[in-house]
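Every chain is numbered from 1 and lettered A, B, ... according to where its sequence line falls, protein lines coming before strand lines.
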Amino acid sequence: MSTIAIHNSLTGRKEPLTTLEPGHVRMYVCGMTVYDFCHVGHARSLIVFDVVRRYLRHRGYRVTHVRNITDIDDKIIARAAENGESIGALTERFIAAMHEDCAALGVERPEHEPRATEYVAEIVAMIGKLIANGYAYAVAGGDVLYSVAKFDGYGRLSGKRLADLRAGARVEVDEGKRDPLDFVLWKRAKPGEPAWDSPWGLGRPGWHIECSAMSVALLGDHFDIHGGGMDLKFPHHENEIAQTCAACGSKFVDTWMHNGFVNVNAEKMSKSLGNFFTVREVLPHLRPEVMRAFVLSSHYRGPINYSDDNLRQADASLERLYVALRDVVPTSPVVHGAATEKFKAAMDDDFNTPEALAALQALARDLNVAKGAGDGAKAAVLAAELVCLAGVVGLLGHEPEAWLRTRPAKVLGDGTTAAAEPDAAEIDALVEARMAARKARDFKESDRIRDALLARGVLLEDGPQGTSWRYR
RNA sequence: GGCGUCGUGGCGGAGUGGUCACGCAGCGGACUGCAAAUCCGUGUACCCGAGUUCGAUUCUCGGCGACGCCUCCA
């Protein structure tokens, strides 16, 4: 059996996947800070690791997938205050919204979804260990800081040296900080802020420590895969390594995976640039599967450019697959052929989804050829293989006819939705009328009907079994 | 300034030391009453310069350019 190779950010190279426990992958992926809606950048990360999870399972692994929720931090506190809303109400609202977005995108629920506020005891215990081990120190105000210089491997993940970091440090030195790079583990509460009791007084966790504490609590102090967006590499993941290794004296994570950004006009989609689109504003006009196809059209580590044209192309390539599946009933036990081998080889090679998608396209071609040759049995077998493989990455989950005869509301330039398109009943009636005209060889009339429908977004196609229609 | 990633045909996007990605768009053909879909065919693509090599888009070095991280960020 071939093995899966994964690019490990820690070593910078592709390595065969190994698991500490045979056949069981333990994977932690950094999730959201819940003070706002998910945007397309979050969607990419969610989809990428959803595909990783699905593929590992497809390859026979049991997967324990943890995706945390950061439900306490500065931005949450600030946003709640801004809104005049309690922190709990704010975070519950955006957690629910995130779950809705995930469901819409077909992103499976991970096995565990721990929230920082539910793990304060573990966090406090870990900070205590770090102090005991000499890696952390409490300062007068009530903050506890991590002493970066104490940790040998600091900077290994992000390829940074302490000296370089200090030279470029833009952070002002807090009083009490022994080193400008030291980061906070426990933050003293200001009046009115949510706070938990601790040996260092009332306060709350720093950002990085929650992931260390929760991953260790749920997956152990040494596990297989840790993932997240590229922007988390430094300082977040670097700090996680420093914390967990120093507290537990273990190796922590074997394979680090980082997905690339979603760009808009070649610039990173981000809150500060204001060039982001939320999942919920985009999804009504874009079928979720198109979003997934778009994300998978490029390799997860590279950048991907979010644009109408690229989404359109993703839609078109997906449509080609659905058109191929039209009028074919897939056989029941799936027979795996050459396409499966290609698909598997691609996915085994660091989840090369563009290559895997190419295998699906090749399969669609064979399927079309079989259909053209009238070889229904072969077509049925190929269709089954196509649906099965696509399903592994969460695609082609719809009935082809249903997919081709549905479309999201078209948004016009002014933000309004386009006038309603003809419904199925009306289209069927017109198709009937056109059929009658064709039978009478009144092609002028039949073409008039077809052109009129096309002008309203409906495409008619004459085939051996009659006329079918779809939106375009 | 430090560190890093990347630069492939009209567009998107894989990949490889010497045959082939794949999709979108275009063109020619088959099919069709005409279309659409489909199939077949079609593009002197690999940022620039030097080096290694029988041979480099692929390896090495240098340059240019884009982007990212170094502060919260998926």
Side-chain angles (χ1 to χ4, degrees), chain A residues 9 12 29-33 35-36 38-49 67 70 73-75 155 158-161 163-172 181 207 227-236 238 258-263 266-273 276 293-294 297-299 301-305 307 309-321 323-324 326 342 346 349 352-362 364-365 367-369 371-373 404 438 441-444 446-447 450-451 454 459-464 467-470 472:
Chain A
S9 303
V29 181
C30 287
M32 297 264 305
T33 299
Y35 70 103
D36 207 340
C38 297
H39 64 231
V40 176
H42 298 116
R44 183 182 192 190
S45 184
L46 290 165
I47 290 169
V48 161
F49 288 102
R67 187 179 64 218
T70 298
D73 97 317
D74 290 351
K75 274 175 304 202
S158 51
K160 294 177 188 306
R161 284 170 302 186
D164 294 339
L165 284 167
R166 289 197 186 100
R170 279 184 256 170
V171 252
E172 65 275 27
L181 298 179
W207 174 39
M230 213 76 113
D231 43 6
L232 261 26
K233 211 165 165 184
F234 187 90
H236 184 57
E238 195 68 61
H258 292 97
N259 67 274
F261 300 130
V262 174
N263 290 160
E267 275 182 322
K268 179 185 171 186
M269 179 181 289
S270 71
K271 299 262 159 115
S272 47
L273 288 168
F276 64 91
F294 163 68
S297 72
S298 68
H299 186 88
R301 281 191 284 118
I304 189 167
N305 208 44
S307 71
D309 193 50
N310 290 347
L311 289 166
R312 212 209 78 252
Q313 289 193 18
D315 195 357
S317 64
L318 195 54
E319 180 165 289
R320 190 178 133 79
L321 300 180
V323 166
R326 196 160 52 166
K342 272 178 69 177
D349 184 14
N352 191 334
T353 53
E355 193 79 39
L357 259 30
L360 300 188
Q361 292 290 345
R365 166 163 292 118
L367 170 51
N368 284 327
V369 168
K371 279 166 76 179
L404 295 169
R438 287 184 74 206
R441 302 198 65 80
D442 183 357
F443 295 122
K444 207 172 159 191
S446 79
D447 289 353
R450 186 174 63 196
D451 292 346
L454 188 59
L459 177 71
L460 300 191
E461 297 171 305
D462 299 328
T467 299
S468 58
W469 65 267
R470 62 187 161 107
R472 62 164 306 210

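- Across all strands shown, A:Leu454 has no heavy atoms under 4.0 Å from either base or sugar-phosphate atoms.
- The gap from the C1' atom of B:rG65 to that of B:rG55 amounts to 29 Å, rounded to the nearest Å.
- The minimum heavy-atom distance between A:Cys30 and A:Leu232, with the atom names listed, is CB-CD2, 3.5 Å.
- With rounding to the nearest 0.5 Å, the separation of CZ in A:Arg67 from CZ in A:Phe49 is 11.0 Å.
- Cation-pi geometry between A:Lys271 and A:Tyr35 is satisfied (NZ or CZ under 6.0 Å from the ring centre, within 45° of the ring normal).
- Candidate nucleotides B:rG68, B:rG2, B:rG13 were compared by shortest atom distance to the side chain of A:Asp164, and B:rG2 ranks first.
- The phosphate of B:rG12 has neither OP1 nor OP2 within less than 4.0 Å of any side-chain N or O from A:Asn305.
- At the heavy-atom level, A:Ser446 lies under 4.0 Å from base atoms of the strands shown.
- For A:Glu355, the side-chain atoms get nearest to B:rG15 when compared with the rest of B:rG12, B:rC70, B:rG15.
- With hydrogens and angles left out, the side chain of A:Asp447 and the base of B:rG33 share a donor-acceptor pair within 3.5 Å.
- The base of B:rC69 sits with one of its N or O atoms less than 3.5 Å from a complementary donor or acceptor on the side chain of A:Lys160.
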Report task. Before giving the answer on salt bridge (charged side-chain N to carboxylate O under 4.0 Å, His left out), spell out for A:Glu461 and A:Arg470 the whole-Å C-alpha distance, their side-chain angles and the decisive distance to 0.1 Å. Result -> CA-CA 8 Å; A:Glu461 297 171 305; A:Arg470 62 187 161 107; 3.0 Å; yes
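- When both distances must be under 3.5 Å, the Watson-Crick or G-U wobble mate of B:rC3 is B:rG68.
- Within 4.0 Å (heavy atoms only), A:Asp309 reaches sugar-phosphate atoms of the nucleic acid but no base atom.
- Residue contacts shown for A:Gly41 include a base, since a base heavy atom lies under 4.0 Å away.
- Among the nucleotides B:rC34, B:rA74, B:rA14, the one closest to any side-chain atom of A:Asn352 is B:rA14.
- By the 4.0 Å N-to-carboxylate-O rule, A:Arg472 lies too far from A:Glu319 to be salt-bridged with it.
- Counting non-hydrogen atoms under 4.0 angstrom, A:Asp231 reaches a base of the nucleic acid.
- By the salt bridge (charged side-chain N to carboxylate O under 4.0 Å, His left out) test, A:Arg450 pairs with A:Asp447, sequence neighbours left out.
- Among the atoms of the strands shown, none is found under 4.0 Å from any heavy atom of A:Gly302.
- Proximity of A:Arg365 to the phosphate of B:rG23: a side-chain N or O atom is located under 4.0 Å from OP1 or OP2.
- With B:rG12, B:rA21, B:rA74 as the candidates, the nucleotide lying closest to the side chain of A:Ala358 is B:rA21.
- Of the listed nucleotides (B:rC39, B:rA36, B:rC11), B:rA36 has the atom at the smallest distance from the side chain of A:Leu459.
- B:rU57 and B:rG17 are spaced 10 Å apart, taking the C1' atom of each and rounding to whole Å.
- Residue A:Arg161 places no side-chain atom within donor-acceptor reach of the base of B:rG2, judged by atom type and a 3.5 Å distance cut-off alone.
- Nearest to the side-chain atoms of A:Arg438 among the listed nucleotides B:rA37, B:rG13, B:rG33 stands B:rG33.
- Considering only the side chain of A:Asn368, B:rC39 comes nearest among B:rA74, B:rA14, B:rC39.
- Between A:Lys268 and the phosphate of B:rC69, there is a side-chain N or O to OP1/OP2 separation shorter than 4.0 Å.
- At a threshold of 4.0 angstrom between heavy atoms, the contacts of A:Phe49 with the nucleic acid are absent.
- Taking atom CG of A:Asp451 as the reference point, atom P of B:rA36 lies 12 Å away to the nearest angstrom.
- Rounded to the nearest 0.5 angstrom, A:His258 NE2 and A:Lys233 NZ are separated by 6.5 Å.
- Side-chain to base pairing of A:Arg44 with B:rA74: no donor and acceptor N or O lie closer than 3.5 Å to each other.
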Close N or O pairs between protein and nucleotides 46-48 of chain B (under 3.5 Å):
none

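- Using atom P as the reference point in both B:rC46 and B:rA50, the two lie 16 Å apart (nearest Å).
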Requested in this report: For salt bridge (charged side-chain N to carboxylate O under 4.0 Å, His left out), just list the numbers for A:Arg312 and A:Asp315, CA-CA rounded to whole Å, side-chain angles, deciding distance to a tenth of an Å, and then say yes or no.
Outcome: CA-CA 5 Å; A:Arg312 212 209 78 252; A:Asp315 195 357; over 6 Å; no
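- Looking at heavy-atom distances under 4.0 Å, A:Met230 makes no contact with the nucleic acid at all.
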Collect all protein-nucleotide pairs involving nucleotides 24-31 of chain B in which both atoms are nitrogen or oxygen and the distance is under 3.5 Å.
from	atom 1	to	atom 2	distance (Å)
B:rC24	O2'	A:Arg312	NH2	2.5

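- When each of A:Gly31 and A:Pro303 is assigned the nucleotide of RNA chain B bearing its nearest heavy atom, the one mapping closer to the 5' terminus is A:Pro303.
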